[in-house]
Amino acid sequence: MGHPRRLVVGTAGHIDHGKTALVKALTGVDTDRWEEEKRRGITIDLGFAPLPLADGLQASIVDVPGHEGFVKNMLAGATGIDVALLVIAADEGVMPQTEEHLAIVELLGVRRGVPVLSKRDLVDDEWLALVRTEVAERLKASRVRWDAPIAVSALTGAGLDDLRAALVRVGGDLPARPTEDLFRLPIDRVFAVAGAGTVVTGSTWSGSVAIGDSVRLLPLDREVRVRSIEVHGETAERAVPGRRTALALVGVDKAELERGAVAVTGPGWASTTTLDVALELLPGARKPLAVRTRIRVHLGTAEVLARVAQVRAIAPGETGFARLLLEQPIVARGGDRFVVRSFSPVTTIGGGLVLDPFPPKRPRVAERGLAAQQPGGERLARLVEEAGLRGVPVRDVPVRVGILPGEVTATVEQAGKGVIASGDLLVARRALAAEVERLGAVVGAHHQTHPLDPGLSLQALRAAVAVEDVAGPVWDLLVEYGVKKQAFEVAGAVARRPGWKATLESHAGDSGARLVRRLVEARWQVPTVAELQQEFPDLGVAPLLAHLAREGGVEQVDLERYASKPALEEFRGALEATLRELGRATPAQLRDRTGLTRKYLIPLLEWADRRAITRRDGDARVLARLTGAAGGS
């Protein structure tokens with residue numbers, strides 16, 4: 001038979017229109033008197049009751065008060081309702097608060113609803129027919145798909161079977177919530193139970209979690225372990241979507257959590273203080289929403305104050321894009337719905353859809369709003385484009401875009417060839433192309449400034465990337481793309497223009513020849529680079545000598561000196577001949593043989609040591625090859 005289908009049913013309606021009595025008649029649970037002290041172990045919050053229905057359908061009924069606290073409680077306990085029961089007293093009909101609750105149900109994106117005409121026993125058939133017609137006409141204009149009104153009496157039980165049948169019918173039309181999603185439980189209550197520790201309750205929005213699993217608590221950002229689970233007061237091995245859930249947690253104190261926190265699993269989740277949204281203002285709102293308007297945002301079980309930013313004033317009855325600057329962090333996902341209330345007096349004025357829970361500073365929301373409402377692939381392509389060289393981690397896509405983890409691969413494919421995947425990052429091809437072109441210019445500028453260098457070191461080129469600390473996968477893509485587009489080529493540890501070769505003739509005229517002649521004339525009395533720079537102030541001596549060394553005309557003796565190759569070979573021959581004759585020789589003896597002062601002799605002897613021609617033996621030198629050391633080059 002498979003797992004039972006699950007349904008979250010939320011009541012709505014004017015105060016004293018019989019919502020709690022209706023829930024008790026349907027379920028046998030008095031949600032006004034369900035006290036924690038009456039329960040053993042983990043308890044379920046006030047206002048929630050299980051309702052087993054036919055055909056394997058399990059409903060969770062959320063009963064909320066009809067007074068001003070409705071919004072907080074509705075969003076705290078009934079977020080993610082599948083079906084709304086709009087309860088209207090048959091003896092009173094539609095009231096102002098009925099209209100507000102209807103608007104909230106619509107703003108929350110509830111897809112299906114059943115109007116319930118309560119207190120059937122208080123009116124005659126003629127009056128009931130009038131109320132039924134009034135309600136049906138009013139709901140025709142609603143964006144929620146409402147069933148025909150059902151008249152019930154909690155006192156006599158009349159109509160309850162019809163209501164159960166309607167819930168079965170409606171529930172059968174709704175798609176099941178996927179368990180393969182990321183787990184998210186908005187917390188509406190926190191308390192401590194002896195032997196269980198800290199307990200959190202809420203309605204599981206998505207995914208599942210089992211006993212022993214770890215969950216992350218946000219915005220606390222703490223990993224904790226699930227000790228035990230209860231669903232509607234019954235011990236369970238696993239929490240699943242669409243059910244009232246209580247988790248006993250190990251690793252957190254009751255005082256560290258409050259309503260509005262969220263338990264999640266999987267990557268991509270983070271608290272945020274900025275949201276890009278599509279905002280809808282109700283026709284009954286008193287004034288437009290303008291920049292800096294202070295509002296109350298209800299999302300999940302959280303209520304936070306916020307300022308509206310980057311918005312063209314949204315008039316009552318209109319929809320627009322806005323950025324919300326939240327005064328406290330919340331947890332949101334792309335596609336989440338929320339309700340907005342005015343700061344003072346507190347009334348429901350609108351709601352909206354989260355377009356991006358982690359928006360970039362640029363571009364403005366008005367420039368990205370329409371794209372943010374496109375299908376997943378197009379929306380992802382836009383996010384990747386905006387991220388530039390920083391890219392978008394693949395692991396963040398389910399939360400950022402609001403899709404199932406199993407849909408990521410297909411969504412990336414739908415994003416098109418403009419998005420390139422490298423490791424765990426998605427990068428825009430256009431951003432890569434633009435940066436490769438710029439880096440090609442950087443390499444070219446280096447050639448102009450340092451014409452005798454073989455190229456720009458890859459380390460220096462990476463430091464020149466427009467993004468600080470560019471990620472490894474993106475850097476690899478830049479190099480690969482740069483070589484492919486022939487913006488530069490890589491030779492060893494340097495990047496250079498394709499075909500670039502630093503040559504003396506093309507870049508230095510007779511400058512190199514002048515330096516070579518000077519070193520040949522100097523023979524073993526090797527001048528320092530600084531001394532040569534004083535002699536040839538018109539030349540870039542250091543880069544020119546480095547170029548000559550690469551070309552093989554001269555050889556570097558140490559950090560401060562270069563000598564002509566023939567002079568060094570001649571010195572090596574004289575040194576080896578002397579040591580073969582004497583066996584070992586001190587610098588003083590070699591000075592007498594060569595006629596060099598210590599200023600010139602010591603650097604040459606250290607060069608010979610490094611080349612494994614000689615080695616030290618106390619204060620003297622001996623031939624290295626006579627002791628088994630490697631020979632000269």
Which heavy-atom pair separates [X] from [Y] by the least distance, and what is that distance?
X	Y	value
Val340	Leu279	CG2-CD2, 3.8 Å
Pro357	Leu275	CA-CD2, 3.7 Å
Ser118	Val87	OG-CG1, 3.7 Å
Ala166	Ile150	CB-CD1, 3.5 Å
Gly268	Asp396	CA-OD1, 3.3 Å

Charged N to carboxylate O under 4.0 angstrom, [X] versus [Y]?
X	Y	result
Arg259	Asp188	no
Arg400	Asp356	yes
Arg138	Glu99	yes
Arg216	Asp221	yes
Arg382	Glu386	yes
Glu385	Arg390	no
Glu258	Arg189	no
Arg294	Glu327	yes
Arg333	Asp336	no

Taking atom [atom1] of [X] and atom [atom2] of [Y], what is their separation to the nearest 0.5 Å?
X	Y	atom1	atom2	result
Leu305	Phe343	CG	CZ	6.0 Å
Leu324	Asp276	CG	CG	8.5 Å
Ile61	Thr11	CD1	OG1	8.0 Å

side-chain hydrogen bond (donor to acceptor under 3.5 Å, both in side chains) assessment of Thr348 paired with Glu100 = CA-CA 7 Å; Thr348 302; Glu100 181 185 18; 2.8 Å; yes
inquiry  = For a 4.5 angstrom cut-off between non-hydrogen side-chain atoms, does Arg112 reach Asp147?
reply    = yes
query = So do Trp205 and Leu185 actually touch side chain to side chain, heavy atoms under 4.5 Å?
reply = no
Main-chain N/O of [Y] paired to [X] side chain as donor or acceptor, under 3.5 Å:
X	Y	result
Asp82	Leu7	no
Thr273	Gln328	no
Arg222	Gly251	yes
Ser422	Leu425	no

message = Tell me which one of Val240, Asp213, Thr245 satisfies side chain to side chain contact (heavy atoms under 4.5 Å, CB included) with Ile229.
response = Thr245
inquiry  = Leu380 and side chain to side chain contact (heavy atoms under 4.5 Å, CB included): which single residue from Val419, Ile403, Val397 fits?
reply    = Val397
request  = Go through the side-chain N and O atoms of Ser208 and Arg238 and say whether any donor and acceptor fall under 3.5 Å apart.
outcome  = yes
